[in-house]
Amino acid sequence: MDDSLYFTEQHIAVRDMVREFARTEGAPIAAKFDADGKFAWATVQRMADRGLLGIPWPEARGGAELDLLSYMIVLNEMAKVDASHAITISAHTTLGTSPIFRFGTEEQKRKFVPPLATGRVLGGFGLTEPSAGSDAASTKTRAVRKNGHYVLNGSKIFITHAGVGEIFVITAVTDPSAGTNGISSFILTKEAVDVDKTSASGMGHDPSLTPMRGFRAGKKENKLGWRASDTRALFLEDVEVPVENRLGEEGKGFVNFMKTLDSGRIGLAALSLGLAEGAFEASLRYASLRKQFGRAIADFQGVQFQLADMSAEIEAGKHLMFHAAWLAQHNQPFTKEAAIAKLYCSELAMRATTKAVQIHGGYGYTREYPVERMMRDAKICEIGEGTSEVQRMVIARHILHELAD
Ligand SMILES: Cc1cc2nc3c(=O)[nH]c(=O)nc-3n(C[C@H](O)[C@H](O)[C@H](O)COP(=O)(O)OP(=O)(O)OC[C@H]3O[C@@H](n4cnc5c(N)ncnc54)[C@H](O)[C@@H]3O)c2cc1C
């Protein structure tokens, strides 16, 4: 796809800025932070300095006031070199900040959006529970209203930024007899783990936010991929949440979180596509340099066909992802298109990165080349923000409704 056909000058400027940042700041450290499984505070701080943690929010709220396409371009470019940095932007922006921006009161937006949009602190989204994954409506975390507070008890698992973040949107059941209409959402605050280290990086902690007693993060998950992204459980024990921290009306938490996931899926499609493109570019380079049987392996039709398939599928994925983003940006319905883009691009990321390892041969299986990390990073794209099976369920529901109509 010739980007200049669809992008404005501003999109191209954003793309070039992030591409340069990813090349000079992300690429050199990606392998080390992946191997160590550490959160890259220093580069995340530099992303915040460039406005990358508040891309779509108005300047008046501390954001960069760019459009949704720009945001997708950023995720896509970062993921070409490192998916962990890309998911940090995505989980913080779409999952952690957007529900407050979209569904919050003026007071909630005034208080919580600026520290998130400027990157002073990181945010997260707590939906998944030990027994509520794909079936997110099975939420067990309970919120009981008492003396001007809600008292929350329960736990969430696999929450991105659970350790490093300070502001979270969380679902909890307010009316167990009302099914999904009995689920509400709340804004909770806690202190980042390792506050000393966090503060030393110049970001991550805001002393003006009051940590809520009984709200804490568990130990860091030791993951296959996205290893420089922070994933942990969150525990809630008699957490007193002021009524003014309820996000949206009582009973609207589930439906609002589903809307948030619709947008999140376009972001995950952009990230997945970035992984596929990064793996493709590395493979193209390697295949033209690596010689066997006296010639570059790129001369062999068997290798050319793999590169051709990667290239064709990446083109298809770009159209699906930017189409879904365009619909969302123009306030058109986009749930089905977001699910299609997420399904196709995440499965493409897995196929393309696996092919990339194959093209690199034995070297591809070592940490000397980035493609093995890309293959590990791609797998979670088929799981997070709704598995591939869940995307197929969403798509099937839409096409069957369209048929009935
Ligand atoms: C690194 C990472 C980061 C994450 N970040 C967050 C986050 O920030 N916030 C958050 O809330 N969650 C987060 N998650 C959780 C993630 O969204 C869930 O793991 C995901 O939705 C799947 O839920 P589960 O793990 O319980 O799997 P399950 O729902 O138990 O699924 C297991 C398998 O069964 C299949 N399956 C389930 N139901 C059906 C069905 N009806 N038909 C066909 N197949 C089905 C699934 O597709 C899957 O293959 C994260 C997870 C990871 C690993």
Side-chain angles (χ1 to χ4, degrees), residues 33-34 37 39 75 79 82-100 116 122-141 154-172 183 185-188 190 217-236 247 253-254 256-265 267-268 271-272 275 338-339 342-343 346-347 349-350 373 376-397:
F33 280 82
D34 167 71
F39 191 74
L75 297 178
D82 186 34
S84 286
H85 278 81
I87 190 59
T88 297
I89 300 174
S90 172
H92 170 80
T93 309
T94 315
L95 300 183
T97 316
S98 83
I100 304 177
L116 290 164
L122 291 165
F125 169 96
L127 176 68
T128 308
E129 298 188 0
S131 57
S134 301
D135 181 14
S138 297
T139 299
K140 299 273 182 297
T141 297
S155 65
K156 300 283 172 182
I157 49 163
F158 303 142
I159 307 306
T160 304
H161 298 161
V164 296
E166 298 212 327
I167 300 175
F168 291 85
V169 292
I170 299 280
T171 47
I183 298 175
S185 58
F186 300 88
I187 305 170
L188 272 69
K190 66 170 211 23
K219 71 168 179 50
K220 192 167 177 167
E221 298 291 348
N222 189 5
K223 307 191 298 286
L224 176 72
W226 286 7
R227 287 179 51 77
S229 164
D230 176 80
T231 315
R232 302 170 192 244
L234 282 172
F235 298 104
L236 301 97
L247 186 60
F254 186 77
N256 288 346
F257 267 43
M258 291 302 116
K259 286 181 190 162
T260 302
L261 283 178
D262 282 345
S263 316
R265 284 166 186 165
L268 215 51
L271 186 156
S272 304
L275 273 166
K342 199 270 189 185
L343 172 66
S346 60
E347 296 196 346
M350 204 61 235
R373 169 169 51 85
R376 288 185 285 105
D377 284 344
K379 185 60 209 168
I380 180 61
C381 299
E382 296 180 323
I383 298 171
E385 297 188 38
T387 62
S388 286
E389 292 72 27
V390 166
Q391 305 313 314
R392 288 186 169 92
M393 281 157 62
V394 172
I395 298 162
R397 198 181 311 133

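As the structure lists them, so they are numbered: ligands from 1, and atoms in each ligand from 1. What you are looking at is a predicted structure, and each value in this text was computed from that prediction instead of being measured.
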Looking only at the aromatic ring of each residue, does the gap between the centers of Phe125 and Phe257 stay below 6.0 angstrom? yes
Give yes or no for whether the N/O distance cutoff of 3.5 Å, strictly under, is met between Leu95 and ligand 1. no
Over all atoms of both residues, closest heavy-atom pair of Lys379 and Leu224: CB-CD2, 4.3 Å
Ignoring hydrogens, what is the shortest heavy-atom contact between Ser98 and Thr260? Give both atom names and the distance. OG-CG2, 3.8 Å
Tell me: protein heavy atom nearest atom 46 (C) of ligand 1, and distance? Thr387 OG1, 3.7 Å
Does any N or O in the side chain of Thr139 come within less than 3.5 Å of the main-chain N or O of Ala136, such that one atom is a donor and the other an acceptor? yes
Among non-hydrogen protein atoms, atom 6 (C) of ligand 1 lies closest to Phe158 O, 2.8 Å
For ligand 1, which atoms, with element, lie under 4.0 Å from some heavy atom of Ile159? 7 (C), 8 (O), 9 (N), 10 (C), 11 (O)
Only one of Asn256, Ile187, Leu247 clears side-chain contact (heavy atoms from CB on, under 4.5 Å) with Pro99; which? Leu247
Against ligand 1, does Ile380 come closer than 4.0 Å with any heavy atom? yes
Using a 4.0 Å cutoff against the non-hydrogen atoms of Phe125, which atoms of ligand 1 qualify? 7 (C), 8 (O), 9 (N), 10 (C), 11 (O)
Before accepting this row, confirm whether a basic side-chain N of the pair Lys156/Glu129 lies closer than 4.0 Å to the acidic partner's carboxylate O. yes
Are any of the protein's heavy atoms under 4.0 angstrom from atom 33 (C) of ligand 1, yes or no? no
Between Leu343 and Gln391, the two heavy atoms sitting closest are CB-CB, 3.9 Å
Nearest protein heavy atom to atom 1 (C) of ligand 1, by residue and atom, and its distance? Lys223 CD, 3.7 Å
Heavy-atom gap Met393 to ligand 1 smaller than 4.0 Å: yes
Apply side chain to side chain contact (heavy atoms under 4.5 Å, CB included) to Ser346 and Leu268, showing your working. CA-CA 8 Å; Ser346 60; Leu268 215 51; over 6 Å; no
How far is atom 26 (O) of ligand 1 from its nearest protein heavy atom, and which residue and atom is that? Gly133 CA, 3.2 Å
Tell me whether atom 39 (C) of ligand 1 lies less than 4.0 Å from at least one protein heavy-atom position. no
Which residue supplies the protein heavy atom nearest to atom 12 (N) of ligand 1, what is that atom called, and how far is it? Thr128 OG1, 2.7 Å
Looking only at non-hydrogen atoms, find the nearest pair between Val394 and Ala339 and report the distance. CG1-CB, 3.9 Å
Give the residue and atom name of whichever protein heavy atom lies nearest to atom 31 (O) of ligand 1, and the separation in Å to one decimal. Ser134 OG, 3.7 Å
Within a distance under 4.0 Å of any heavy atom of Glu385, pick out the atoms of ligand 1 and give their elements. 17 (O)
Among non-hydrogen protein atoms, atom 43 (C) of ligand 1 lies closest to Glu389 CB, 3.9 Å
Considering only non-hydrogen protein atoms, determine which one is nearest to atom 8 (O) of ligand 1 and report residue, atom name and distance to 0.1 Å. Thr160 N, 3.0 Å
With a 3.5 Å distance limit and no angle check, can you tell me whether His161 reaches the backbone of Gly123 through a side-chain donor-acceptor pair? yes
